[in-house]
Protein chains: 2
Amino acid sequence: MKKQKVSGAVIRRLPRYFRHLTDLHAEGMERISSSAFGKTMNLTASQIRQDLSCFGEFGQQGYGYNVEKLRQEISEILGMTLRHTAVVIGAGNLGRALIENFRFDRSGFQLIAAFDVDQKLVGSELAGVPIYHADTLEHYLAEQPVSVGVLTVPKHIAQSTADCLVEKGVKGIWNFTNVELAINEPSVVVENVHFADSLLALSYMISDEE
Amino acid sequence: MKKQKVSGAVIRRLPRYFRHLTDLHAEGMERISSSAFGKTMNLTASQIRQDLSCFGEFGQQGYGYNVEKLRQEISEILGMTLRHTAVVIGAGNLGRALIENFRFDRSGFQLIAAFDVDQKLVGSELAGVPIYHADTLEHYLAEQPVSVGVLTVPKHIAQSTADCLVEKGVKGIWNFTNVELAINEPSVVVENVHFADSLLALSYMISDEE
């Protein structure tokens, strides 16, 4: 598999495939045709076949897809079976929302620690996740390999925190800070969560022209 | 303008155009060629011209785009000048993070109220936004037109809360609950924020093949 050949649009659809297959599996569906699968995804059958062809051969002519098998295969393509680790940096409102409510494990991640400067939090646990002082982040990362740093710190320390994560060898940064991070290490992937982009798309869709 | 002719991919790029133009404007840039603009967006000049052609004529041959003018035009296309209103339902961690940290005004929205059942919150304000009891939501919506309901409630009341919002005439739901809402009113738009899709795309990008 050559990852560089897979377009961003296909990569963005893979999690949706996984999500829909998980739902279909939960509903007890064992197999599905590419056209029926396309319907649940708002895609054509041929688009689905083309997307999946980036990664190998899936499904059978006249049979369709085995829901659980395809779900398993896509989870492997997504790297969900690699036991990636994550730490949350910044246990403010958003950090806490992620720690307490977001199921990292369902995306194949282990959330192993969180960091903050608030002395009321440091030393405690949130949803079973230990909170350490932010000053100890560098040391922690030196001792413990971490795949992804979840960045929920205030804006003014976003870049310096990202620099620390990159220097200590994380593979990816899940960036909620709304700061465009400058990353000098090309192998490090930054995934930005832009709430405003989502709200503006909604704004567009609800705005009737006069 | 026929909105139904504009593809989802173009709609998703509009907020990015707006964000990049805002940054360019803040940097003091007055005009930009479509190829230079494309470079900052990771798009080709012709893709940008094609996207914008969905909405009219922009830019001038040999001049490029006036940054502030295009920014203004895109803000109008996005409906940012319509003074949409929003209420947050559910002032838990995520709701509070949005109320306190997300700049609704920068997306053209007025955040006018929030609702929760927590008696410690009801009657108070968060970042200047009044918190009312969730029991009064229906009455509030009957009195006060609201464009968008921001859904940050626990999963088990996501659908019933959405039903109330739809019945009282909101135009859109910004859904953070991870519940696939069933909406019977076709004019109501649901914009889902799927954290897991974002994390899984990151997982894919950091997962090296053996």
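Protein chains get the first letters and strands the later ones, always in sequence-line order, with residue 1 at the start of each. As the structure is a prediction and not an experimental result, all values here were calculated from the model.
For F102(A), the part sitting under 4.5 Å from any heavy atom of chain B is the side chain, from C-beta outward, and nothing else. For V189(B), the parts lying near chain A are the backbone and the side chain together; criterion is any non-hydrogen pair under 4.5 Å. Using a 4.5 Å cut-off between heavy atoms, R12(B) touches chain A through its side chain atoms alone. Of the two parts of L199(B), the backbone and the side chain both hold a non-hydrogen atom closer than 4.5 Å to a non-hydrogen atom of chain A. Looking at L94(A), the atoms closer than 4.5 Å to chain B (heavy atoms on both sides) sit in the backbone and in the side chain alike. With a 4.5 angstrom heavy-atom cutoff, V170(B) does not touch chain A via any of its atoms. Of the atoms belonging to N178(B), not a single heavy atom falls under 4.5 Å from chain A. Of the two parts of R19(A), only the side chain, counted from C-beta on, holds a non-hydrogen atom closer than 4.5 Å to a non-hydrogen atom of chain B. For L98(A), the part sitting under 4.5 Å from any heavy atom of chain B is the side chain, from C-beta outward, and nothing else. Heavy atoms of V188(A) lying under 4.5 Å from chain B are absent altogether. No part of R103(A) comes within reach of chain B, as not one of its non-hydrogen atoms sits under 4.5 angstrom from that chain.
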May I have the step-by-step check of side-chain contact (heavy atoms from CB on, under 4.5 Å) for V148(A) and H84(A), ending in yes or no? CA-CA 8 Å; V148(A) 163; H84(A) 289 308; 5.8 Å; no

Under the ring-ring contact (aromatic ring centres under 6.0 Å, His included) criterion, do F58(B) and Y65(B) qualify, and how do the steps go? CA-CA 7 Å; F58(B) 302 94; Y65(B) 301 107; 7.7 Å; no

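With chain B as partner, the option from P154(A), G172(A), A86(A), A201(A) having the largest number of non-hydrogen pairs under 4.5 angstrom is A201(A). Options A97(B), S75(B), G8(B), S198(B) differ in how many heavy-atom pairs under 4.5 Å they form with chain A, and the most are formed by S198(B). When L202(A), I173(A), D23(A) are compared by the number of non-hydrogen pairs under 4.5 Å with chain B, L202(A) comes out ahead.
Distance alone, capped at 3.5 Å, places no donor-acceptor pair between the S147(A) side chain and the K171(A) backbone. Side-chain atoms of T85(B) come within 3.5 Å of backbone N or O of P145(B) as a donor-acceptor pair. At least one donor-acceptor pair closer than 3.5 Å links the side chain of N66(A) to the backbone N or O of E68(A).
The environment of N184(B) atom CG is sparse: at most 12 non-hydrogen atoms of other residues, nucleotides or ligands sit within 6.0 angstrom. No more than 12 heavy atoms of other residues, nucleotides or ligands shown are found within 6.0 angstrom of CD on E30(A).
Here the straight-line distance linking atom CZ of R16(B) with atom CG of D197(A) works out to 8.0 Å at 0.5 Å rounding.
Partner of N175(B) under the side-chain contact (heavy atoms from CB on, under 4.5 Å) criterion, chosen from V190(B), V150(B), V153(B): V190(B).
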